[in-house]
Asks: 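Once you've had a glance at the structure underneath, I'll fire off some questions.
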Amino acid sequence: MTLIAWLDDLSNEDVNIAGGKGASLGEMWNAGLPVPPAFVVTAEAYRYFINETKLNNKIMEVLEGLDVNNNDELTKKSAEVRKLIESAEMPTDLKIAIVESYSKLGQMTGTDETFVAVRSSATAEDLPDASFAGQQDTYLNMKGADDVVDAVQRCFASLFTPRAVFYREQKGFDHFEVALAAVVQKMVNADKAGVMFTVNPINHNYDEIVIEGAWGLGEGVVSGTVSPDTYIVSKDKKILDVYIATKETMFEKDENGITREIPTPDELKDKRVLSDEELLKLVDKGLVIEKHYNRPMDIEWALENEGVYMLQARPITTLDEKPAKTGGGAKPPSSEDAGGNIILKGIGASPGTASGTVKILNKIEEIDKIKEGDILVTKMTTPDMVPAMKKASAIVTNDGGLTCHAAIISRELGTPCVVGTKKATDVLKEGTIITIDGEKGVVYEGELAKKEEAVQARVVYQGAPLITATEIKVNVSMPEVAERAAATNADGVGLLRAEHMILGTGVHPLKVLKDKGEEGLINVFADGIRVVADAFYPRTITYRTLDAPTDEFRGLEGGEDEPEEHNPMLGWRGIRRGLDQPEILRCELLAVKKLLNEGYKNIMVMIPLVSSVDEIKKVRKLADTVGLRLGKDVEFGVMVETPAAALIIEDIVETDIDFVSLGTNDLTQYTIAIDRNNEFVAKYYRENHPAVLKLIEHVIKTCKKKGVKTSICGQAGSRPAIVEKLVEWGITSISSNIDAIDTIRQTVARTEQRIILDIIRDSKNRSGL
Ligand code: PEP
Ligand code: MG
């Protein structure tokens with residue numbers, strides 16, 4: 001029986017022994033590539049574990065008669081199975097084999113106890129139609145034999161995630177047909193890391209290698225949370241293009257071996273990561289790997305103390321799905337005709353890459369000139385431009401920061417967007433072709449990618465369906481995108497903005513009231529909310545009453561009377577305006593009541609930009625007059641978006657609300673005095689400013705003490721480094737943008753696991769174990 005296999009003994013042929021990942025590492029190791037040393041706890045060891053512990057029957061018993069379409073049952077039963085596996089006593093000989101191998105690995109790397117990554121490697125991982133890739137767990141930075149044994153056992157258990165169980169049941173696969181090996185590999189404590197594509201995945205140029213690199217560990221680049229430098233190198237080793245990104249954050253291992261995202265030190269932020277020499281070293285390895293596998297590869301790499309490591313290599317399958325633009329299997333265009341000059345920079349506001357024809361929109365009357373696939377260039381988008389935004393393949397603006405109108409709507413539409421360029425309407429020429437990188441915030445001359453191709457060429461790895469104690473919700477601004485938002489599997493809608501339900505009609509609410517009466521306006525709100533409530537049912541949606549800024553509402557038919565304000569962001573908006581115009585707010589509350597009567601039980605209500613207790617009481621009173629009991633008929637919450645609200649949170653929770661939601665877009669602008677729509681100060685806009693974080697911490701901890709639920713729906717809830725803190729402070733739910741859901745779910749899961757692990761380690765230490 002082979003319980004342990006070393007990389008020396010493995011090749012691609014050994015998926016049955018070492019799983020897909022283990023086999024691929026063995027193949028690279030034996031091809032002479034610099035792979036960090038590793039051993040594999042084999043699939044046979046897994047089977048031995050299951051048999052010796054007599055878990056087969058117990059697992060079958062739990063899964064007997066399971067209805068996989070019943071989500072609650074599936075989650076419960078698969079958790080039960082995992083618990084059985086995790087709590088079983090590992091057979092002594094297997095345990096000894098792992099402990100001895102771990103010790104040997106330590107000796108090979110010159111330490112007694114080395115940090116290792118323990119990665120699941122399923123035997124069916126790479127088989128067509130049985131793709132389990134990435135569905136099982138990985139544990140980074142494990143140290144000490146006990147923790148390693150424990151991590152192996154948890155990897156074994158991860159073969160029974162709800163999704164894996166669902167998949168096997170659906171396909172009629174035997175649960176014990178698939179086995180799980182675990183790779184135990186020395187961790188590389190990278191100074192620099194990233195990914196390398198041996199074909200340019202944007203323009204499918206087979207003569208180019210694209211390398212992305214950032215400071216510290218590679219997690220940030222792989223998960224997309226860090227904007228890396230991008231280098232394009234020809235296969236005959238000429239450096240063709242170097243794009244240096246501003247690397248706001250980086251990942252590092254702390255003294256306890258825990259991976260953390262930290263702010264990048266100022267001197268490194270804009271510094272080039274890879275020297276020419278390092279680039280060429282990586283290219284050498286990339287070429288060897290591509291030659292070895294005889295196909296384009298996607299490689300994870302790391303540099304530690306000048307040493308180059310190859311961490312993983314996978315074929316780039318997405319290239320095959322899309323023929324080269326020139327068609328007929330011909331080679332894609334070369335870099336010369338593909339363009340690549342950066343002509344404008346701004347803030348990357350919605351990820352993705354797209355090419356198209358520049359159409360400059362100076363006034364709304366020109367809206368019809370935007371045709372499907374064009375690139376919309378304008379000073380700042382306005383709500384009446386939404387129809388054109390839907391047609392555009394990308395959007396570029398002069399003004400704005402990460403939470404401006406263009407940014408929020410583009411993220412929701414999934415359209416690449418660069419904001420705050422200051423001069424797009426001057427620099428970009430009508431009718432010319434450009435390419436947008438909405439992640440890096442760059443505009444290139446010429447055509448590098450069509451949106452569709454860019455999306456397809458992107459290498460996407462599906463994550464496991466993580467279950468987190470903290471709920472992960474999604475923000476929705478336009479009812480039209482409800483289905484797309486619901487497809488993220490978010491636990492509900494943490495913020496449904498009302499503004500677009502009105503702006504989408506093009507008519508001012510007061511005019512609707514005048515022309516069509518209360519019922520007309522109630523229907524506008526009810527129709528919008530219903531679309532979202534339907535898409536998510538029975539998951540809850542949080543309807544936020546109208547937060548109408550005068551500048552946006554002035555453009556509506558009948559909006560001429562909206563006052564001209566110096567700074568609308570500090571002006572007549574939020575609930576103060578709602579209470580000044582109770583005739584509108586009344587219709588919103590009546591719309592919610594109407595939907596309740598229609599049987600929608602999944603609606604919650606919250607109010608924006610609260611700054612006093614009095615406002616909350618007045619809203620309750622108004623709701624009572626229309627027969628809607630806030631807190632009884634529907635859950636009722638307030639948004640904490642002003643320092644005032646955060647500082648009087650004790651008084652606010654006394655008003656008997658059910659929840660608060662942190663609106664950090666506004667909270668940030670009001671705390672550090674930075675207009676969120678003003679591109680001249682956008683670089684100072686920081687949701688992680690200590691003052692903002694202090695207010696947030698105070699709100700979460702106070703609410704927790706008082707038993708009031710907390711959520712966040714500002715942009716900060718889509719930022720992993722901040723989300724970690726929110727989870728630590730005890731937030732109940734996080735509501736992110738559609739594009740950030742997967743990353744945030746992973747961040748939350750990792751943070752929760754780390755908290756649990758810390759507690760276990762703490763109690764072990766205290767009891768002297
Ligand atoms: C916020 O301020 O964080 C928020 C979510 O509201 P909005 O962006 O609509 O002002
Ligand atoms: Mg707000």
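This chain uses plain numbering: 1 for the first residue, then up along the sequence.
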Asks: Crowded around Lys369 NZ? As in, over 12 foreign heavy atoms under 6.0 Å?
Replies: yes
Asks: Taking all non-hydrogen atoms of both residues, which atom of Gly356 and which atom of Ile375 are closest, and how far apart?
Replies: N-CD1, 3.5 Å
Asks: Taking atom CZ of Arg497 and atom CD1 of Ile502, what is their separation to the nearest 0.5 Å?
Replies: 15.5 Å
Asks: Where is the tightest heavy-atom contact between Asp384 and Ile367, given as atom of each residue plus distance?
Replies: O-CD1, 3.4 Å
Asks: Are Lys514 and Glu557 ion-paired here, with the side-chain N under 4.0 Å from a carboxylate O?
Replies: no
Asks: Please indicate whether Lys391 has more than 12 foreign heavy atoms, meaning atoms of other residues, nucleotides or ligands, lying under 6.0 Å from its NZ.
Replies: yes
Asks: Looking at Glu248, Glu724, Glu687, which hits side chain to side chain donor-acceptor pair (under 3.5 Å) with Arg719?
Replies: Glu687
Asks: Between Glu552 and Thr382, is any pair of side-chain heavy atoms under 4.5 Å apart?
Replies: no
Asks: Grab the two heavy atoms, one from Pro643 and one from Leu667, that are nearest each other, plus how far apart they are.
Replies: N-CD1, 3.6 Å
Asks: Return the NZ to SG distance between Lys594 and Cys587, rounded to the nearest 0.5 Å.
Replies: 11.5 Å
Asks: Could you check if a side-chain atom of Arg539 sits within less than 4.5 angstrom of a side-chain atom of Lys473, using non-hydrogen atoms only?
Replies: no
Asks: Does some side-chain heavy atom of Leu546 sit less than 4.5 Å from a side-chain heavy atom of Leu585?
Replies: no
Asks: What distance do Thr421 atom OG1 and Asp399 atom CG have between them, rounded to the nearest 0.5 Å?
Replies: 8.0 Å
Asks: Ion pair present between Glu615 and Lys618, side-chain N to carboxylate O less than 4.0 angstrom?
Replies: no
Asks: Is there a side chain to side chain contact (heavy atoms under 4.5 Å, CB included) between Ile409 and Met478 once you walk through the steps?
Replies: CA-CA 8 Å; Ile409 299 302; Met478 292 183 289; 3.7 Å; yes
Asks: Do Leu376 and Asp374 make a side-chain contact, defined as non-hydrogen atoms from C-beta onward lying under 4.5 Å apart?
Replies: no
Asks: Please check if any side-chain donor atom of Arg676 sits under 3.5 Å from a side-chain acceptor atom of Gln715, or the reverse.
Replies: no
Asks: Passes side chain to side chain contact (heavy atoms under 4.5 Å, CB included), Phe636 versus Ile616? Steps please.
Replies: CA-CA 10 Å; Phe636 175 53; Ile616 304 170; 3.9 Å; yes
Asks: Would you sort out whether Met501 and Val531 count as a side chain to side chain contact (heavy atoms under 4.5 Å, CB included), showing the intermediate values?
Replies: CA-CA 11 Å; Met501 294 177 201; Val531 170; over 6 Å; no
Asks: Quick one, Glu588 with Thr545, criterion side chain to side chain donor-acceptor pair (under 3.5 Å). Give me CA distance, side-chain angles, the key distance, then yes/no.
Replies: CA-CA 7 Å; Glu588 296 184 76; Thr545 62; 4.7 Å; no
Asks: Just wondering, do Leu595 and Arg530 contact through their side chains at under 4.5 Å, heavy atoms?
Replies: yes
Asks: Of all the heavy-atom pairs spanning Ile738 and Asn475, show the shortest one and how long it is.
Replies: CG1-O, 4.5 Å
Asks: Might you point out which heavy atoms bring Gln669 and Tyr685 nearest each other, and give the distance in Å?
Replies: N-CE1, 4.0 Å
Asks: Are Lys359 and Glu366 ion-paired here, with the side-chain N under 4.0 Å from a carboxylate O?
Replies: no
Asks: Looking only at heavy atoms, which two atoms of Ala406 and Cys417 are closest? And how far apart?
Replies: O-SG, 4.0 Å
Asks: List the steps and the verdict of side chain to side chain contact (heavy atoms under 4.5 Å, CB included) for Lys516 and Val524.
Replies: CA-CA 11 Å; Lys516 299 197 175 146; Val524 172; over 6 Å; no
